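In what follows, every heavy atom counts, from backbone to side chain, and hydrogens, waters and symmetry copies are set aside. Within every chain, numbering begins at 1; the chains are lettered A, B, ... in the order of the sequence lines, protein sequences first and strands thereafter. These figures come from a predicted structure and were not determined experimentally.
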There are 2 protein chains.
Amino acid sequence: MTVSAWIAYTQCMLTQKAKYGLRALCVLAAESGAHQPLPIHEVAQRAHVPHKFLEAILLDLRRHGFVESRRGKAGGYSMTRDPGEIRVSDIIRALDGPLAPIPCASLTAYQPCLDCENPKDCAIQHLMRQVRDATAAVLDGTTLADLAASEAAALAIHG
Amino acid sequence: MTVSAWIAYTQCMLTQKAKYGLRALCVLAAESGAHQPLPIHEVAQRAHVPHKFLEAILLDLRRHGFVESRRGKAGGYSMTRDPGEIRVSDIIRALDGPLAPIPCASLTAYQPCLDCENPKDCAIQHLMRQVRDATAAVLDGTTLADLAASEAAALAIHG
DNA sequence: AATAAACCCTATCGGTTTGATGGGAGTTTA
DNA sequence: TAAACTCCCATCAAACCGATAGGGTTTATT
């Protein structure tokens with residue numbers, strides 16, 4: 001299932017990787033109460049994510065501490081924390097990097113523009129920091145549980 | 001002056017092209033009252049933008065109607081409109097494309113996710129539309145005149 | 001009319017990221 | 001031992017990004 005072959009590429013903040021990751025985590029969040037981990041092929045099927053790509057994504061999410069894995073037969077993935085305590089912003093930061101549209105406007109990964117006249121106090125930086133803050137406000141205020149609930153509600157109405 | 005050789009690449013919403021474009025437009029906005037157009041090398045120098053790259057950017061901005069050019073000796077670029085009536089969001093859209101972090105959340109360039117279970121009503125789409133709206137609110141609410149004034153003020157203090 | 005200064009425009013380049021896959025090694029349970 | 005998993009390396013094509021080369025065209029001045 002190659003998606004990039006179907007749609008024209010658009011430079012964007014949310015990569016395919018992060019989108020897949022969010023969908024996968026929604027699936028795992030829904031399974032949060034279960035005792036058994038969910039095998040990767042099950043997650044891939046439910047979240048509509050290519051199996052091998054998901055493998056890389058879940059590996060990444062495990063290293064960032066969002067999920068844990070059990071190997072061998074009857075193995076799979078499960079959440080490590082309550083989905084209500086995981087901010088969407090942290091997931092996206094883990095998979096896609098900083099939220100800010102430009103490094104000099106980032107709080108978590110600040111880097112000055114080397115081609116800027118006065119990198120500490122630049123009009124573009126000011127503006128982009130406002131953008132960053134607005135984005136972070138939305139994404140900090142939404143938890144994985146919120147997202148999963150929203151998706152469950154949408155699915156209940158339509159297909 | 002190659003910047004990409006100095007800093008690690010970070011996927012970002014505001015490309016170097018848009019950043020350069022905004023800086024160049026600030027320079028032209030400051031010159032907005034003058035009768036003569038500003039030659040490109042002068043813009044390049046004041047905005048710290050590579051000459052040839054700026055050429056491509058100004059061409060783009062001209063095609064989008066933000067600036068006009070006069071050819072031949074004593075030629076150059078000048079604003080077509082009052083900088084106070086140009087939204088920063090429109091400049092960024094012209095140079096970088098849609099503001100939305102993902103095509104399905106865009107108002108100006110909507111495209112459904114082809115790998116989405118129900119593309120019309122998806123939790124991620126909802127959330128990303130909120131992000132888009134928050135971003136647009138900041139960028140729609142700031143004009144080129146605002147940006148240029150902010151930069152002028154910063155320069156008056158430092159540098 | 002010659003010349004210089006400026007914009008116009010296409011084509012191209014290297015480097016990097018992105019999305020995606022293959023293949024095998026390791027691990028656990030039955 | 002076999003089956004069913006995860007782990008992790010290496011690799012790939014396509015796209016994009018930043019930047020530049022090198023002509024062609026237009027205009028003002030002399």
> What's the CD1-C1' distance between B:Ile57 and D:dT20, to the nearest Å?
13 Å
> Tell me the interatomic distance from B:Lys19, atom NZ, to D:dG18, atom P, rounded to whole angstroms.
9 Å
> Output the rounded distance in Å from CG (B:Leu54) to C1' (C:dC9).
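Value for this atom pair: 15 Å.
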> When you check the phosphate oxygens OP1 and OP2 of C:dC9, does a side-chain N or O of B:Arg63 lie under 4.0 Å from one of them?
yes
> For B:Ser69 and C:dA6, is the shortest distance between a side-chain N/O and OP1 or OP2 below 4.0 Å?
no
> Can you find an N or O donor on one side and an acceptor on the other, under 3.5 Å apart, linking the side chain of B:Arg71 with the base of D:dT25?
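When only heavy-atom distances are counted, B:Arg71 does reach the base of D:dT25 through a donor-acceptor pair under 3.5 Å.
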> Can you check whether A:Arg62 has a side-chain N or O nearer than 4.0 Å to OP1 or OP2 of D:dC8?
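For D:dC8, OP1/OP2 do have a side-chain N/O of A:Arg62 under 4.0 Å.
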> Step through the shown structure and confirm whether more than 12 heavy atoms of other residues, nucleotides or ligands are within 6.0 Å of CD on A:Glu68.
yes
> For the pair made of CG in A:Asp60 and P in C:dA20, what is the distance, rounded to whole Å?
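Computing the A:Asp60:CG to C:dA20:P distance gives 15 Å.
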> Quick one: the side chain of B:Glu55 and the base of C:dC7, do they pair up donor-acceptor inside 3.5 Å?
no
> Would you kindly compare A:Gly72 and B:Ala74 by the position of their nearest DNA chain C nucleotide and give the one closer to the 5′ end?
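That would be B:Ala74.
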> Could you tell me whether B:His41 contacts a base, only the sugar-phosphate backbone, or nothing, with contacts defined as non-hydrogen atoms closer than 4.0 Å?
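B:His41: backbone/sugar contact only, no base atoms under 4.0 Å.
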> Please state how far atom NZ in A:Lys52 lies from atom P in C:dA20, giving the value in whole angstrom units.
14 Å
> Taking only side-chain N and O atoms of B:Tyr77, does any of them lie within less than 4.0 angstrom of OP1 or OP2 on C:dC8?
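For B:Tyr77, the contact criterion (side-chain N or O under 4.0 Å from OP1 or OP2 of C:dC8) is met.
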> What is the distance from CD of A:Glu42 to P of D:dT6, rounded to the nearest Å?
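From A:Glu42 CD to D:dT6 P: 11 Å.
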> Are OP1 or OP2 of C:dA20 and a side-chain N or O of A:Tyr20 less than 4.0 angstrom apart?
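It does, given that an N or O in the side chain of A:Tyr20 lies less than 4.0 Å from OP1 or OP2 of C:dA20.
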> Which part of the nucleic acid, if any, lies within reach of B:Leu58 when heavy atoms closer than 4.0 Å are counted: base, sugar-phosphate only, or nothing?
nothing
> Please report, rounded to the nearest Å, how far the P atom of C:dT3 is from the NZ atom of B:Lys73.
13 Å
> Is it the case that more than 12 heavy atoms not belonging to A:Gln36 sit under 6.0 Å from its CD atom?
no
> Is there side-chain contact between B:Met128 and B:Val131, with at least one heavy-atom pair below 4.5 Å?
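Yes, their side chains come closer than 4.5 Å.
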> Mind calculating the distance between NE2 (A:His51) and C1' (D:dC5) to the nearest angstrom?
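Answer to the nearest Å: 9 Å.
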> Below 4.5 Å, heavy atoms only, C-beta onward: do B:Asp96 and B:Leu14 meet side chain to side chain?
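Heavy-atom side-chain distance check passes, below 4.5 Å.
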> Would you find a donor on one side and an acceptor on the other, under 3.5 Å apart, between the side chain of B:Arg70 and the backbone of B:Ala74?
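Yes; at least one donor-acceptor contact below 3.5 Å.
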